[in-house]
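Side chains are part of it too, since the values below use all heavy atoms of this structure and drop only hydrogens, waters and symmetry mates.
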Amino acid sequence: MRFTAKYLPSLLAIVFMTGLLASCSSGPKATQGAPTASAKVEQLAEKDRAAYVAALADLEKGNTKEAAASLNKIAYANPGYPDAWVNLASASYKTKNIDAAKIAIEHAHKLQPQSADIDNVRGLIYVEEGRYKDAEQLYIAALNLDPKNAGIHYNLALLYDVYYQDLAKAITHYESYLSLSTQKDEETEAWRDELKQMLTRGSAQ
């Protein structure tokens, strides 16, 4: 059995919930190169609020290509708005555009250096790049900021399970994920139990 790194942050900060649900046009592919430098956190521009809410709705519904195209335009038009960059990184990651995801999440990190959600996405990208030790350090840093984040525990468990084959650590974080998750996950429960049996058999040999 193999799981996938399915736990990205929840959609971040829809701060303009005033019926601004406009249709979201599909924009160009992810802009190449780094965004305009901005170290100052700013609010989303009024003109982009409806498109942002629509893009988040697309992302939640699984329309990741459409969401990524829209969020790309919004983020580059609002370089100081970190939530747009995190959601762009999430959408880009889901569409396997890892280069675009990396650019977006590193810009978000510059705006908010202390963020569990941002470190979580950075960790996922590092796993894709084969940088497992860096990913581990980011997940641990994220849990130091938000120790009750079920998704980060899951991603760290997956890292220990698949890439390090450290069953004891994987079990610990699967259990933390299961205890903190708001939804029952019988598949992960069964896999956790199987790992425990494997660990017991290994210790008995």
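Taking 4.0 Å as the cut-off between side-chain N and carboxylate O, Glu46 and Arg49 count as a salt-bridged pair. The pair Glu129-Lys102 meets the salt-bridge criterion, with a side-chain N (NZ, NE, NH1 or NH2) lying under 4.0 Å from an Asp/Glu carboxylate O. Remark: Lys196 engages Glu175 in a salt bridge, criterion side-chain N to carboxylate O under 4.0 Å.
Minimum interatomic distance between Pro82 and Glu42 (heavy atoms only, all atoms of both residues): CD-O, 4.4 Å. In terms of heavy atoms, Pro79 sits closest to Trp85 at O-NE1, 3.2 Å.
In this structure, Tyr154 and Tyr177 have perpendicular ring planes: the angle between them is above 60°, well past the 30° mark.
Atom CG of Asp83 and atom CG of Leu44 lie 9.0 Å apart (nearest 0.5 Å). Rounding to the nearest 0.5 Å places CD of Glu106 at 11.5 Å from CG of Leu111. For the atom pair CZ of Arg122 and CZ of Arg131, the computed distance is 8.5 Å after rounding to the nearest 0.5 Å. With rounding to the nearest 0.5 Å, the separation of CG in Leu124 from CG in Leu158 is 9.0 Å. Taken to the nearest 0.5 Å, the CD atom of Glu187 stands 13.0 Å off from the CZ atom of Arg192. With rounding to the nearest 0.5 angstrom, the CD1 atom of Ile125 is 6.5 Å from the CD1 atom of Ile98.
In this structure, Asn149 contributes its side chain and Gly151 its backbone to a donor-acceptor pair below 3.5 Å. Checking side-chain atoms of Asn72 against main-chain N and O of Ala68 turns up no donor-acceptor pair under 3.5 Å. Formation of a donor-acceptor pair under 3.5 Å by the Asn63 side chain with backbone atoms of Leu59 is not found in this model. No donor-acceptor pair under 3.5 Å is formed between the side chain of Thr188 and the backbone N or O of Asp185. A donor-acceptor pair is defined here as one N or O able to donate and one able to accept, closer than 3.5 Å; no such pair exists between the side chain of His153 and the backbone of Tyr174.
In the hydrophobic clustering of this structure, Ile152 groups with Ile140; members are Ile, Leu, Val, Met, Phe, Trp, Tyr whose side-chain heavy atoms approach within less than 4.5 Å, directly or through other members. Val127 and Leu143 end up in the same hydrophobic cluster when Ile, Leu, Val, Met, Phe, Trp and Tyr side chains are linked at under 4.5 Å. By the rule that hydrophobic residues join a cluster once side-chain heavy atoms approach within less than 4.5 Å of another member, Leu178 and Leu159 end up as members of one cluster.
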